[in-house]
Participant: 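Okay, here's the structure, questions in a sec.
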Amino acid sequence: MENVRPESMARITTPELAEAFINEQVATVKAQVGDKKVLLALSGGVDSSVVAALLIKAIGKQLVCVHVNHGLMRKGESEQVIEVFRNQLDANLIYIDATDRFLDLLKDVAEPEKKRKIIGGEFIKVFDEEASKLEGISFLAQGTIYPDILESDGVKAHHNVGGLPEDMQFELVEPVKLLYKDEVRVVGKALGLPANMVDRQPFPGPGLGVRCLGAITRDRLNALREADAILREEFENAGLNKTVWQYFIAVPDMKSVGVKDSKRYEGWPAIIRAVNTTDAMSATIEEIPYALLHKITARITAEVEGINRVLYDLTPKPVGTIEWE
Ligand code: XMP
C-alpha cells in the first residue's frame, strides 16, 4: 500500500463504509501475511486497539499482542486491555506488568525530559525483550495513521520500531495508515470495540509520568490516578467527555497545610486541566459549571488519600502548554 491517500478515497463516516474498509483490509492482510505471525505493541490507545481488532478478525491467533504496563496508565486501562482483547476477542495477548522496572528507574528523577527519555527508552527495551523471546515472528503491526505520515516520517514516536534489535527483520503491517483519526474511530466501532476505548481522549505515551510532577513517588502517583478517575467519572456523568477535548489531573510535588477530621492534614493539591483544541498547538479553557467543580472537589478531597486541595487551571495555550511538563 502506498503512503499517499488517493483522492478518490471516500471519507469513512458510516458503519457501511467502515464494513467495506474492514473487508478490504482483512483480505489485504491475509494476502500479505499468509500463515506467518505478526507482532503488535498494544498500548490500549485508539490506533493500536483498532489495528489489533482488525488483525484479530483477519488472522486470529497469528497475531501476538504485547501490552506493556509501565505503571503510568490511568485507572483501569490495562485491565480493560486484558478484558477486551484476551477475554472478549480471544486474542493471543502477552501482558507484562513492568511497573517496578519503570518506577525504580524513575526514582528521584525530577527533570521532565529525562523522565520522558527513561520511559520511552525502557518501553522499547521491555518490548524488545519480549519480542526476542518469541519464535517465528515475520511481521510487525503498527497503528500508524495518516496524520503520522503527514507530520513525521511515519513512525509512531512512542511505540516505534527504532529500538528493535538489528537482527530482527520485520516487514510492517499498517492497515489504518491512510485513515484519519475520526475514520479510525468509526472503524473501531464497526469492529465492536467499546465506545470508551475508541472515543477516548489523547493520552501521552509517558502517561501519568508527566502528570505526577517532578520526581515520581508511588503514593503521589496513586493519589493522582485515583483523583483522575474521579474527574473522568464526573465528566462522563455530566456529558463533558463528549465536548471537552482533553481533561486530566496533575499533582505537583508540594504540600500545603489543611485540616481534616479536626486535625492538621498536609496534602498535595490536585490540579484540574480541561482544554479544547483542534490541533493541540493552541488550546482554550472549557467553562465547567461551578456546581460540578464543587462536586469534583468534594469527592477528591474526601476520597483520595493525600490530596487536600483541588485547583482549576485557567491558563490557555499559549502560554501554558496542555501538559504541565
Ligand atoms: P502540550 O503539553 O505540548 O501537549 O501542549 C500537546 C498534546 O500532546 C500531548 N503530549 C504528548 N504526547 N508524548 C505523547 O505521546 C509526550 O511526551 C507528550 N507530551 C504532550 C498532550 O497530552 C497534548 O494532547
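In what follows, every heavy atom counts, from backbone to side chain, and hydrogens, waters and symmetry copies are set aside. All ligand and atom numbering here is 1-based and tracks the order in the structure. All residue numbers refer to positions in the sequence shown, counting from 1.
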Participant: Just jot down the ligand 1 atoms closer than 4.0 angstrom to any heavy atom of Trp245, in number order.
Facilitator: 24 (O)
Participant: Starting at CD1 of Ile56, measure out to CD of Gln62 and round the result to the nearest 0.5 Å.
Facilitator: 12.5 Å
Participant: Please report the closest heavy-atom contact between Thr13 and Val186, naming both atoms and the distance.
Facilitator: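 For Thr13 versus Val186, the nearest heavy atoms are C-CG1, 4.1 Å.
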Participant: Against heavy atoms of Lys317, which atoms of ligand 1 measure under 4.0 Å?
Facilitator: 1 (P), 3 (O), 5 (O), 6 (C)
Participant: For the atom pair CD (Glu151) and CG (Asp279), what is the distance rounded to the nearest 0.5 Å?
Facilitator: 9.0 Å
Participant: Would you indicate which of Met281, Glu325, Glu323, Glu113 comes nearest to atom 21 (C) of ligand 1 when only heavy atoms are counted?
Facilitator: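 The nearest heavy atom belongs to Glu323.
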Participant: If we set the cut-off at 4.0 Å for heavy atoms, which region of Pro206 has an atom near ligand 1: side chain, backbone, both, or neither?
Facilitator: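 Side chain only; the backbone of Pro206 stays clear of ligand 1.
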Participant: Is the Lys NZ or Arg CZ of Arg273 less than 6.0 Å from the centre of Tyr247's six-membered ring, within 45° of the axis?
Facilitator: no
Participant: Please confirm whether Ile322 comes within less than 3.5 Å of ligand 1 when only nitrogen or oxygen atoms on both sides are compared.
Facilitator: yes
Participant: Which distance, rounded to the nearest 0.5 Å, do you find between the CD1 of Ile94 and the SG of Cys65?
Facilitator: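 The distance works out to 9.0 Å.
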Participant: Report, in ascending order of atom number, the atoms of ligand 1 lying under 4.0 Å from any heavy atom of Gly205.
Facilitator: 13 (N), 14 (C), 15 (O)
